[in-house]
Every structure is written in structure tokens, then in C-alpha cells.
2 protein chains.
Amino acid sequence: MARNSTDTKEKLLDAFDILLDKQGISGATLDAVAAKAGVSKGGLLYHYGSKAELIKGSLERLDRLVDEDVESMKAAGERLHLYYLETSAEIGTPLDRSLIAASCLAQENDEAKSALRRTREAWFNALNNHLGDADMAMTIQLIGDGMYFNQNFGLSQDEALAHVKNVLARLGL
Amino acid sequence: MARNSTDTKEKLLDAFDILLDKQGISGATLDAVAAKAGVSKGGLLYHYGSKAELIKGSLERLDRLVDEDVESMKAAGERLHLYYLETSAEIGTPLDRSLIAASCLAQENDEAKSALRRTREAWFNALNNHLGDADMAMTIQLIGDGMYFNQNFGLSQDEALAHVKNVLARLGL
DNA sequence: GTCTATAATGAGATAGAC
DNA sequence: GTCTATCTCATTATAGAC
């Protein structure tokens, strides 16, 4: 049992994101989210008064997780761009789940599209500040986007990452 | 009025793909598809007996369009990889709409996931045969995936393409 | 080949008890 | 803060007329 409101709200967002990831929009119904979070639909609607609010909550959490991720990138120092690529294909992390959820929602929700745009801007700025080379920053970001996109429909990106690293080596990175 | 069955079926697939692109899965209802194609729901269900069959029809058309696209890539000769990147960010073509539709569906449909995997394989083989370099073929494909992914949520990729071409020039491509 | 009418289901949301 | 019960509406699908 969740002791306080914050815990339950986080559990609800977790359930929502996971259902979006695994079953898509049609699977992430209020009934299913409530069941997965271990509360009733009425319980869910106490915390998030409508599906729109649940979506808003998920996207706000994405913003927070991206801020944290940019800090982690900076902490990687000289390996910043490699850290970015390695984590682009990562699965199962809170950030990854949150991102996939937003990608699902973006299909039919403009707020989600905006959230993803903000995410990309934050990462591009980090890459560009580090590399001092907009061409390379954009190219590396696109490669990360590509790996993320593929991983999304069930393709392991381990091999892809190895190929990319070979190319980056040729570019002195 | 469509004179024959084939015309109406194509119109229905067009309407389905466009609705998926613009409004996502929730917007692409049978009612909406029928209305956009200019027939009644009963008319739609005569041609495609269920939503599952409509989805199947859309994915089969994607397969055909991809086959044609691979032929176009080969026809581009030495510019094959550039042709690939330039068309990755293209919008409004039948192939593009069909691909976005499949990406939408992939969120909750395994057949759509498989169709996208086949698409990627076909393109990778074309790139790899042309370049004779799996590292570069994979990297270029990922960049194309990235541009496609971004264009999907409303970011023009013209600037991105220019950045990428600068990097490819450094690699002698 | 296309239509209308309607059945059956499942969704989001509200009301009020505990 | 969480529950059950219920309302309303949209969606898929069927039946049968034209």
C-alpha cells in the first residue's frame, strides 16, 4: 500500500508508461493502468482527474528525467558522445520507458510532440557544446535517434552500436 | 465513384494511412476511414471484412512500395546512399505515408513490427551491396532512421541532412 | 457494390459509500 | 485516499435492404 499521495502517483505513472511501451495506446486504458498499479479506477481518478492529466503527468516526469540524463552526460566528460550513443539503445531504464511512452503518445498528442522536441534540443545542446562541431553533433544525435527507433520495434542495437563506433573511429572520435 | 473493386480498395487504404499519419491510431476508426474514402462503413466492410484485414492490406501495400523503392535506389547508381538519405526525410509520398502508418500500427501490432523489420533489411542490403562496407551501411541507415523518426514529430530535416552530408564528405562519401 | 440500422462491447468519467 | 456502481458515448461488427 502506498503510504502517501506521491508514491501512488508515481506507481500510476509507472503503470501507464509500461502499458504504453508494451501494448501501445489502445492497451493503456484507465482500467488497465489502475489494475497494474494495484488501485481501482476510482483511485486512479482521484490522483489524475482525467486521462489528459495522466498524460500530462507522464510528460512532466519525462522532462525531469531528461534533465537528470543531461547531467549524467556532462559527468561522462570526454566520453560524452559515447555515453549518449550507448544509452540511446538502452532498454528498461526509467528514462527509456518514459521516452517510449512519449513516442507512443506523440502519435496523437501535440504536448507529447513538444516534449520530445525539448528532449532532442537538450541532447543536441549537450553534444554540440562538448564536440564544438554542429555537423558531428547532429550526425551523432541522428544515429542515436535511429538506434532508439529500431530498438523500439524489437531490434537489438548492440551490433549497430559496434558498426557506428568503427565509423566514429575513422573520424577520430 | 470508383468503377471497380481495386480502385475503392486503394482509396480505403489511402484514407486509412492518412488518418493514421495525421491522427494516430485512435483517429483511424472505421467510421473515419470510410468517410474519408467517400464510402459508408458498410461499404468499407464489404472490401475489408474487419479492421485486422484493413491493417493487413496496408502492410501488404508497404511491402510493394518498398520493393519499388529499392529499385529506385539501385537506379541512382553511385548516388545510392545519398538517394537513400534524401528520401528518408521526404514527406507526402505514398511510401512515406505507408511507412508512417506502419510505425503507428507497430506500437501495438506485431505484423506491423515485422513489416518494418523487412523494410529495414531490404534497405540495409541495398546500402551494403553498394558501399561494400557494413559499418558505413549501418551508420547511414541509422542516420536515415533518425531523420525519419524526427520528421515524424514535426521537425524539418533539411538542416539535419546538410549537417550529415558535411560529415559524409569527411569520410570520402 | 454500397447503403442504413442496430447489436455488442469497451472506453472515459461521475457519484457517492466507506 | 480508495472503493463500487453506473452513466454516456464511441467503436467494431452484423443483418439485411436496395
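What you are looking at is a predicted structure, and each value in this text was computed from that prediction instead of being measured. By convention in this document, chain letters (A, B, ...) are assigned in the order of the sequence lines, proteins followed by strands, and residues within each chain are numbered from 1.
Side chain to side chain, B:Ser58 and B:Asp17 meet the donor-acceptor criterion of an N or O pair below 3.5 Å.
Residue B:Lys51 places its NZ atom among more than 12 non-hydrogen atoms of other residues, nucleotides or ligands, all under 6.0 Å distant.
OP1 or OP2 of C:dG1 has not a single side-chain nitrogen or oxygen of B:Thr8 nearer than 4.0 Å. Applying the 4.0 Å criterion to OP1 and OP2 of D:dT2, one finds that A:Tyr46 has every side-chain N and O outside that range.
Comparing D:dT2, C:dT2, D:dA13 against the side chain of B:His47 picks out C:dT2 as the nearest. Among the nucleotides D:dA13, C:dG12, C:dG1, the one closest to the side chain of A:Leu30 is C:dG12. For B:Leu45, counting side-chain heavy atoms from C-beta on, the closest listed nucleotide (D:dT2, C:dT4, D:dA13) is D:dA13.
The nearest heavy atom of DNA chain C to B:Gly43 and to A:Ser50 marks one nucleotide each, and the one closer to the 5' end goes with B:Gly43.
Contacts of B:Thr29 with the nucleic acid, taken as non-hydrogen atoms under 4.0 Å apart, involve only primed sugar atoms and P, OP1 or OP2.
In this structure, A:Lys41 places its NZ atom 7 Å from P of C:dG12, rounding to the nearest Å.
Without hydrogens or angle criteria, B:Gln23 side chain to B:Ala28 main chain gives no donor-acceptor distance under 3.5 Å.
With B:Asn166 as the fixed residue, the side-chain hydrogen bond (donor to acceptor under 3.5 Å, both in side chains) test singles out one of A:Asp135, A:Asp133, A:Thr139: A:Asp135.
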